[in-house]
Amino acid sequence: MSTDEAQDQGTTVLRFPQSRVLPSGHAEPTRYLGLGAMAKVIGAPEHQTTGHWCSRCRGIWYGYLLEATCPECGNRHG
């Protein structure tokens, strides 16, 4: 159903919030924070790491498996 059809029926269409929206301050370049401690220790190839967003550092870091601690600030909550 299109938005026009919904308005014709007296209803409104609410946009579903998306996880891939631009964060505030998106004009600043994203910082690369490096590799997590476990990824460094085992020498994990880049294609085996997972990207994580650190809201405190406002950057992306890469870790191995379930690694959850930002290598720059120690933040564990994304």
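In what follows, residues are counted from 1 in the order of the sequence shown. The structure displayed is predicted, hence computed values, not measured ones.
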Non-hydrogen atoms of Gly59 and Thr30 that approach each other most closely: CA-CG2, 4.3 Å

Residues Glu72, Arg31: salt bridge by 4.0 Å N-O rule: yes

4.5 Å side-chain heavy-atom contact, Leu33 and Cys54: yes

Counting only pairs under 3.5 Å, give me each side-chain donor-acceptor contact of residues 61-70, with atom names and distances, residues two or more places apart or in other chains.
unit_1	atom_1	unit_2	atom_2	d
Glu67	OE1	Ala39	N	3.4
Glu67	OE1	Tyr64	N	2.9
Glu67	OE2	Ala37	N	2.7
Glu67	OE2	Met38	N	2.8
Thr69	OG1	Arg76	NH1	2.8

Under 3.5 Å, sequence neighbours excluded: what are the donor-acceptor pairs made by side chains of residues 42-50?
unit_1	atom_1	unit_2	atom_2	d
Thr49	OG1	Glu46	O	2.7

